[in-house]
Asks: 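Before anything else, here's the structure in question.
The model shown is predicted, which means the values in this text are computed figures rather than measured ones. Order of the sequence lines fixes the chain letters, A, B, ..., with proteins taken first and strands second; residue numbering starts at 1 for each chain.
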Amino acid sequence: MDHRTKRAESRHVRYRQLTVSEQHNDNVSTPDPGTETVAAGSGLDAERARRLALLEELRAAGTNPYPYRFDRTHTLAEVREGWGQLEPGTETDDPVAVAGRVMLKRDSGKLVFATIRDRSGEVQLFISKAVVGDDAFAAVKALDLGDWVGVDGTVMTTRKGELSVKPERVELLAKAIRPMPDKWHGLHDVDTRFRQRYADLMINEDARRHFEIRHEMTASFRRTLARHGFIEVETPVLHPEVGGATARPFTTHHNTLDMSLYLRVAVELYLKRLIVGGMERVYEIARTFRNEGVSPRHNPEFTMMELYQAFADWTEMMAITEELITTAARDALGTTVVHVRGEPVDLADPWPRARLIDLASESTGTELHPSMPLADARKVAAAHDVHVEDRWGAGKIIEELFEKTAEASVVRPTFITGHPVEISPLARVDRDDPFLTERFELFVDARELANGYTELNDPVEQRARFEEEVAAKEAGDDEAGSLDEDYIRALEYGMPPTGGLGVGMDRLAMLLAGVDTIKEVILFPTLRPEVF
RNA sequence: GCCUCUCUAGCUCAACGGUAGAGCAGUGGACUUUUAAUCCAUUGGUUCAGGGUUCGAGACCCUGGGGAGGCACCA
């Protein structure tokens with residue numbers, strides 16, 4: 001048996017039924033207690049009641065206002081590609097089946113113009129009463145903005161040259177019960193935009209564009225990493241220990257195992273276990289959770305791409321950082337030029353490198369180095385109004401000084417390098433300076449976008465560094481990690497020389513999309529629950 | 001967590017302390033090449049919630065709630 005034929009027939013039947021039911025439209029004034037009460041008045045409730053009543057009429061006439069499928073032959077972009085060059089006033093016999101949401105409707109008596117949109121674009125429907133017939137035309141007139149329709153018709157252009165599909169049949173694919181946001185002004189209320197992302201996406205072109213860019217960026221990363229021989233892996237989200245980053249975790253509990261678990265704050269320690277195991281090049285695009293503040297640059301859950309490469313050091317990590325990001329810009333935007341604070345920045349230009357201690361020294365006017373006496377470092381901090389905890393060493397104080405005095409001026413892409421050992425418990429000591437590490441952070445527009453280093457693979461030294469963290473935690477630092485015995489055991493099996501990198505995907509998406517709040521690149525940002 | 005701002009019709013926005021309004025959407029009507037179609041008519045409100053001041057509160061004050069920005073913390 002031929003399903004396709006049967007389906008086409010049944011669609012036709014449904015359509016005819018729909019048009020019959022639409023004749024009820026002429027009868028709204030007919031006494032009908034139920035309809036009368038719901039149709040009275042306006043406002044959201046009345047509008048929903050009106051459309052729900054319409055649904056019941058369709059169903060009563062045997063029409064399903066929510067049919068199961070529609071077979072389309074062309075996306076709207078494909079229609080535009082195929083027939084975009086038609087001269088004004090051209091009629092073709094080229095058949096297409098297209099589907100989309102009704103975005104605009106212009107009723108001019110015996111003609112209705114409707115703009116429909118699918119994921120790929122918009123095309124106008126040119127619906128003629130003479131072509132579709134009286135009943136079907138009434139059904140078209142009863143369509144609401146926001147309804148989904150499927151159309152069989154031919155391609156044409158109007159006298160003014162507007163590319164259009166001239167339907168022979170219009171099938172309702174899904175009835176909208178709730179009105180769309182304003183067709184001209186759109187949806188501005190930020191609360192509503194983030195809570196009802198579906199409404200935001202249907203009406204705001206920019207919102208759709210941000211997430212297309214984000215998708216292209218992520219897809220580009222995967223392609224670049226594949227070219228370099230990296231394997232994508234998935235490691236636990238639920239961690240028995242906190243580690244891999246200095247951050248406050250979310251805590252949860254497993255009932256059957258009766259154990260506390262933490263939502264991961266990083267994937268670093270798991271990925272390096274895989275390097276120990278010999279996987280050589282691994283990465284994870286990892287949803288990560290930090291129980292900290294919410295701000296235009298911070299969401300409690302966010303996405304980091306972390307990669308680890310055996311036999312590489314930090315110099316290779318800087319090179320791949322540049323390649324990943326410039327390629328992603330090219331793939332997502334078609335250009336490597338992005339805008340930072342209104343100024344064009346070409347990501348393809350070389351990214352300067354500057355040592356963190358040099359920038360901090362420059363901005364404070366004092367030579368700073370983690371080997372300096374603690375008292376001197378504290379003096380500089382006091383002079384710059386930087387709060388200092390008793391347990392902090394000179395390295396941590398220098399980092400604070402950098403953040404307070406120098407970070408804001410790093411606007412163009414810059415690798416900040418050479419972080420003090422004290423603030424880099426997993427990074428390897430600089431081969432030329434025992435107080436610094438072979439580490440870098442990429443800053444753009446004063447925001448940290450990436451962080452990478454030559455990995456510490458000496459299990460004895462790693463244990464000592466962990467013990468310092470444990471001491472810090474006991475001294476009251478609730479962001480410090482704990483001692484991960486299993487990770488030390490892994491290192492004891494031997495981890496090859498390794499370079500590692502983490503990239504903040506949300507922040508990179510912000511840079512590419514040219515937005516200044518992280519909520520614009522997270523589909524469903526964390527919000528307090530809505531009260532209904 | 002603190003400070004500031006903000007919340008009015010489904011959406012976008014008005015309203016000096018003095019009868020809550022407009023545009024869009026909706027409803028009824030006209031129109032066979034429109035482009036946010038246009039034209040005529042028209043429905044629609046617990047002004048976030050609860051108190052208070054006042055002859056009178058959308059507006060002023062207090063408390064609470066949502067959101068935004070800033071600070072703190074972080075990526």
Asks: Which base, if any, makes a Watson-Crick or G-U wobble pair with B/C24, both distances under 3.5 Å?
Replies: B/G10
Asks: Output the rounded distance in Å from CZ (A/R50) to C1' (B/G10).
Replies: 12 Å
Asks: In terms of side-chain geometry, is the basic nitrogen of A/E241 or A/R264 positioned less than 4.0 Å from the acidic oxygen of its partner?
Replies: no
Asks: Test side chain to side chain contact (heavy atoms under 4.5 Å, CB included) on A/L225 and A/L324; report intermediate values, then the result.
Replies: CA-CA 8 Å; A/L225 291 165; A/L324 283 166; 4.0 Å; yes
Asks: Can you check the A/L44 CG to B/A9 C1' distance for me, whole Å?
Replies: 10 Å
Asks: For nucleotides 33-42 of chain B, just jot down a letter per nucleotide in 5' to 3' order: B, S or -, based on protein non-hydrogen atoms under 4.0 Å.
Replies: BBBBB-----
Asks: Does a side-chain N-to-carboxylate-O contact under 4.0 Å join A/R297 and A/D506?
Replies: no
Asks: Without decimals, in angstroms, what is the distance between A/D134 CG and B/U32 P?
Replies: 13 Å
Asks: For B/U53, give its Watson-Crick or G-U wobble partner with both distances under 3.5 Å, or none.
Replies: none
Asks: Which value, in whole Å, describes the distance between the C1' atoms of nucleotides B/A59 and B/G52?
Replies: 15 Å
Asks: Could you work out the separation of B/U6 and B/G44 based on their P atoms and round it to a whole Å?
Replies: 31 Å
Asks: Please determine if A/E292 and A/R248 form a salt bridge, counting it only when a charged side-chain N lies under 4.0 Å from a carboxylate O.
Replies: no
Asks: So what's B/U47 paired with, Watson-Crick or G-U wobble, going by both distances under 3.5 Å?
Replies: none
Asks: Got a sec, which residues hit side chain to side chain contact (heavy atoms under 4.5 Å, CB included) with A/R341, two or more places apart in sequence or on another chain?
Replies: A/V411, A/D445, A/A446
Asks: When we call it a touch if two heavy atoms are under 4.0 Å apart, what does A/A245 touch: a base, just sugar-phosphate, or nothing?
Replies: nothing
Asks: Which is more 5' along RNA chain B, the nucleotide nearest A/L187 or the one nearest A/R51? Just name the residue.
Replies: A/L187
Asks: In whole angstrom, what separates A/M103's CE from B/A25's C1'?
Replies: 13 Å
Asks: Contact class for A/G502 vs. all strands (heavy atom < 4.0 Å): base, sugar-phosphate, or nothing?
Replies: nothing
Asks: Under 4.0 Å, heavy atoms only, any strand: does A/D189 hit a base, just the sugar-phosphate, or nothing?
Replies: sugar-phosphate
Asks: To the side chain of A/P179, which of B/C11, B/G10, B/A75 is closest?
Replies: B/G10
Asks: Answer yes when A/E205 and A/R209 have at least one side-chain N-carboxylate O distance shorter than 4.0 Å, and no when they do not.
Replies: no
Asks: Between B/C3 and B/A72, how far apart are the two C1' atoms, rounded to whole Å?
Replies: 11 Å
Asks: Between B/A9 atom P and A/R178 atom CZ, what is the distance in whole Å?
Replies: 14 Å
Asks: Quote, to the nearest angstrom, the C1' distance that separates B/C13 from B/U47.
Replies: 14 Å
Asks: Could you tell me how far apart A/D45 (CG) and B/G26 (P) are, to the nearest whole angstrom?
Replies: 17 Å
Asks: Could you list the residues that satisfy ring-ring contact (aromatic ring centres under 6.0 Å, His included) with A/F440, not counting sequence neighbours?
Replies: A/F415
Asks: Provide the distance between the two P atoms, one in B/G26 and one in B/G17, to the nearest whole Å.
Replies: 36 Å
Asks: Let me spell it out: for each of A/R195 and A/I518, pick the nucleotide of RNA chain B with the closest heavy atom. Which residue's pick is nearer the 5' end?
Replies: A/R195
Asks: Can a salt bridge be assigned to the pair A/R101 and A/D147 using a cut-off of 4.0 Å between side-chain N and carboxylate O?
Replies: no
Asks: Salt-bridged, A/R193 to A/D206, with N to O below 4.0 Å?
Replies: no
Asks: In the strands shown, is B/A15 matched to any nucleotide by a Watson-Crick or G-U wobble pair with both distances under 3.5 Å, and which?
Replies: none
Asks: Which residue pairs satisfy the salt bridge (charged side-chain N to carboxylate O under 4.0 Å, His left out) criterion with at least one member in residues 102-116 of chain A, sequence neighbours excluded?
Replies: A/D107-A/K141
Asks: In whole Å, what separates the P atom of B/C60 from that of B/C7?
Replies: 10 Å
Asks: Whole angstrom is fine here: how far is it from CD in A/E306 over to C1' in B/A75?
Replies: 11 Å
Asks: Using purine N1 to pyrimidine N3 plus N6-O4 or O6-N4 for Watson-Crick, or N1-O2 and O6-N3 for G-U wobble, each under 3.5 Å, what pairs with B/C2?
Replies: B/G70
Asks: Check A/E400 with A/K396, please: is the shortest side-chain N to carboxylate O separation under 4.0 Å?
Replies: yes
Asks: Considering only heavy atoms and no angle criterion, is a donor-acceptor pair shorter than 3.5 Å present between the side chain of A/D182 and the base of B/G23?
Replies: yes
Asks: Is there a Watson-Crick or G-U wobble partner for B/U38 with both distances under 3.5 Å, and which nucleotide is it?
Replies: B/A30
Asks: Give me each pair satisfying side chain to side chain donor-acceptor pair (under 3.5 Å) with a member in residues 403-418 of chain A, each pair once, sequence neighbours excluded.
Replies: A/S363-A/T405
Asks: Using atom P in both nucleotides, what's the gap between B/C48 and B/C16 to the nearest angstrom?
Replies: 16 Å
Asks: How far, in whole Å, is B/U19 from B/A25 if one measures between their P atoms?
Replies: 30 Å
Asks: Base, sugar-phosphate or nothing for A/T246? Non-hydrogen atoms, less than 4.0 Å.
Replies: sugar-phosphate
Asks: Are any protein N/O atoms closer than 3.5 Å to N/O atoms in nucleotides 68-73 of chain B? If there are, list each pair with its distance.
Replies:
{"unit_1": "B/A68", "atom_1": "OP1", "unit_2": "A/K519", "atom_2": "NZ", "d": "3.2"}
{"unit_1": "B/C73", "atom_1": "O2'", "unit_2": "A/E479", "atom_2": "OE2", "d": "3.2"}

Asks: Counting only side-chain N and O atoms of A/R528, is one of them less than 4.0 Å from OP1 or OP2 of B/G66?
Replies: yes
Asks: For A/R48 and B/C11, give me the distance from atom CZ to atom P, rounded to whole Å.
Replies: 13 Å
